[in-house]
Amino acid sequence: MADLIVSPQELRRRVAAWRREGQTLGFVPTMGALHEGHLSLVRQARTECKRVVVSVFVNPSQFGPGEDFSRYPRTLEEDRRLCDPLADVVFTPTVEAMYPSAQEVWVEPGPSARGLCGAFRPGHFRGVLTVVAKLFHMVDPDITYFGSKDYQQGVLVKQMVRQLGFPLEVRLCPTVREPDGLAMSSRNRYLSPAQRAQALCLIRGLRAAERLALGGGRPEVGALKAAVAAEVAKVPEAKVDYIEIVHPESLEPLTGAMRGEALAALAVRIGTTRLIDNLLLRTA
Ligand code: PAF
């Protein structure tokens, strides 16, 4: 079994010992409730690095009031089992260790956090970047691995690493999907069987936009959005937070005819569960 380490000091000692032996370190930050999406990141880390640390920490500062912090699934024993034999250490710091006093100093994201999820979850990405920065200091990895389902998070972490000079590489890895296309997410376990079927409207919408993009010519961004919206609208239970077509790096909303690559992204609530997904669109 991967070693369970709770104390940041103990983790630092372990990492220092690896470093003395010249070993490289891969890091996968998670909030637990691990699924194949997470495990694909751990596997990628395993292929590139001698040592692998997975953190499991449900970060209170990235949840807004009324969001699912208290009911977020906590499945540590199962997570540890799933990490075996891929990870060397599962790091599960306490809230007290991560936030020893009321947080006053934050990593504030830039304009790329204004749209998409940032517009609907005020303070969310500030909480994410702040905890990720703390984890990077504790783990001190060579390479860190994030999933593309949380595309905006990945872009913001890359910006933080570049602009604050963290000496590490960020890999944004492909979204892992269920056989029917639903993006894997820890929140999928909130869905009833009926809602699980309704949730397919996200990927159906994205694929409709993809077909339009590949269909020839340069489709209008408005038409791409409408193609996503039409699929989502077939499920009356699905409540849209946003459907956007944005530039894949700046995340600025695009207008006019599609040029080069574009990211189609959406957030939809099915009952009380908020799901997100995205797809990179290319013209034929
Ligand atoms: O993607 C997540 O699970 C979280 O946002 C992260 C990166 C572990 C920070 O808490």
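Numbering of ligands and ligand atoms starts at 1, following listing order. Source: prediction; values computed, not measured.
- For ligand 1 and P29, the ligand atoms under 4.0 Å from any heavy atom of the residue are 8 (C).
- In terms of protein heavy-atom proximity, atom 1 (O) of ligand 1 is nearest to Q153 NE2, 2.8 Å.
- Of all atoms in ligand 1, listed by their number and element, those nearer than 4.0 Å to a heavy atom of F146 are 7 (C).
- Atom CG of D241 and atom CZ of R269 lie 4.5 Å apart (nearest 0.5 Å).
- Note: Y145 and F27 fail the aromatic proximity criterion, with ring centroids not under 6.0 Å apart.
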Check: Can you check ring pair (Phe, Tyr, Trp, His ring centres under 6.0 Å) on H137 and F166, steps first, answer last?
Finding: CA-CA 9 Å; H137 286 311; F166 283 86; 5.2 Å; yes
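- Every N/O-N/O distance between T30 and ligand 1 stays at or above 3.5 Å.
- Looking at E21, its side chain never comes within 3.5 Å of a backbone N or O of W18 through a donor-acceptor pair.
- Atom numbering of ligand 1 starts at 1 in the shown order; those under 4.0 Å from a heavy atom of Q62 are 4 (C), 5 (O), 9 (C), 10 (O).
- Judged purely by atom type and a 3.5 angstrom limit, T130 has no side-chain atom pairing as donor or acceptor with the backbone of G127.
- Below 4.0 Å from some heavy atom of V131 lie the following atoms of ligand 1, by number and element: 9 (C), 10 (O).
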